[in-house]
Amino acid sequence: MRITFMGTPDFAVPALVALADAGHEIACVYSQPPSRSGRGKKLHPSPVHAKAEEMGIAVRAPKSLRNEEAQAEFAALNADIAVVAAYGLILPQAVLDAPKLGCLNIHASILPRWRGAAPIHRAVMAGDAETGVTIMQMEAGLDTGPMLHIVRTPVEAKTTGELTGELAQMGADAMVEVLSDFAKFPPQVQDDAAAIYAPKIDKAEARIDWTQSAGSIECKVRGLAPFPGAWFELNGERVKLLLSELAEGAGRPGQVIDTDLTIACGSGAVRPIRLQRAGKPAMNRADFLRGRVVDAGTQLT
């Protein structure tokens, strides 16, 4: 097929590579405009943009697709289909209608659960037993279109970072499978009554509420790792908790209850595995405690 590919972060890169390796013609890649970061605030292309240039594929990075000129340029590509993976821009109806077979999206959840911007984070934070990828036909609604293919994987003790890499490859493979024989994947209408939304992670959510259960906090820690990172304050200093485990013990919520940094929660306790002080590299608990003593009875906030 002749494909227009639309994606921005690392999550979308495996799909771009897999489609090209499967012999499809990538007519053009659309990605979010380069962003400024690092020292000097230099412009850096998105991971998809950089990979497409490495592959010798033309890239467009419009700020919007709402104007007629951008829509005409998109339609002029004369694509059979558009493949979308975490692109980050809303596609107007004129764009959705331009490819002969419409636009297919790689969505990182088992729809209709976790429609929206942060499906992987939300699945882990909620303690879901499994998650997956849905290949869906796009329409004007937010992740409401008919589903063509679903692949699943257990969440287990994985972090959002670990699952993101796994689901990215699963989504790439699933999209190649769908495009290899489009007729084998008839669309299935979503059950809107079962829909749950996955809003973007708000920075205020990242602060740990020690009155919650140990299980909820452990899920939150994995769900926010590696970014933005769940955090707490220790003697006025912000510390990210990147990985933790359930532990035995009880005390006031947020109280350190032993010399191994076990922390009491609303029910149960957690013990940090990896932590990160502001401006410092991540480290394991032993190294963290080697750098500073945290006495039993210390109250975290």
Atom of Ala108, atom of Pro119 and distance for their closest heavy-atom approach: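 Looking at all heavy atoms of both residues, the shortest contact is O-CB, 3.4 Å.
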Nearest non-hydrogen partners of Leu43 and Pro34, listed with the distance: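 Looks like CD2-O, 3.6 Å.
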For the backbone of [Y] and the side chain of [X], can you confirm whether one donor and one acceptor N or O come within less than 3.5 Å of each other?
| X | Y | value |
| --- | --- | --- |
| Asp143 | Gly116 | yes |
| Glu68 | Ala72 | no |
| Glu53 | Ala58 | no |
| Lys220 | Arg207 | yes |

Is it true that [X] and [Y] have a side-chain N and a carboxylate O under 4.0 angstrom from each other?
| X | Y | value |
| --- | --- | --- |
| Asp191 | Arg113 | no |
| Glu237 | Arg292 | yes |
| Glu25 | Arg2 | yes |

Is it the case that [X] and [Y] place a side-chain donor and acceptor less than 3.5 Å from each other?
| X | Y | answer |
| --- | --- | --- |
| Thr153 | Glu130 | no |
| Gln71 | Asn67 | no |
| Thr298 | Gln255 | no |
| Gln190 | Arg115 | yes |
| Thr262 | Asp260 | no |
| Ser46 | Ser31 | yes |
| Thr159 | Arg222 | no |

Parallel, tilted or perpendicular, as decided by the 30° and 60° cut-offs, for the rings of Tyr30 and Tyr87: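 The arrangement is perpendicular - the two ring planes meet at more than 60°.
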[atom1]/[X] to [atom2]/[Y] distance, rounded to the nearest 0.5 angstrom?
| X | Y | atom1 | atom2 | answer |
| --- | --- | --- | --- | --- |
| Phe74 | Leu96 | CZ | CG | 8.0 Å |
| Thr301 | Ile208 | OG1 | CD1 | 11.0 Å |
| Glu248 | Ile257 | CD | CD1 | 9.5 Å |
| His149 | Met175 | NE2 | CE | 10.0 Å |
| Leu91 | Cys103 | CG | SG | 6.0 Å |
| Leu167 | Thr160 | CG | OG1 | 9.5 Å |

Cation-aromatic face contact Arg122/Trp114, 6.0 Å, 45 degrees: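 Because its charged atom misses either the 6.0 Å distance or the 45° angle limit, Arg122 does not stack over Trp114.
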Verdict with supporting geometry, Ser267 and Ser213, side-chain hydrogen bond (donor to acceptor under 3.5 Å, both in side chains): CA-CA 5 Å; Ser267 61; Ser213 70; 4.7 Å; no
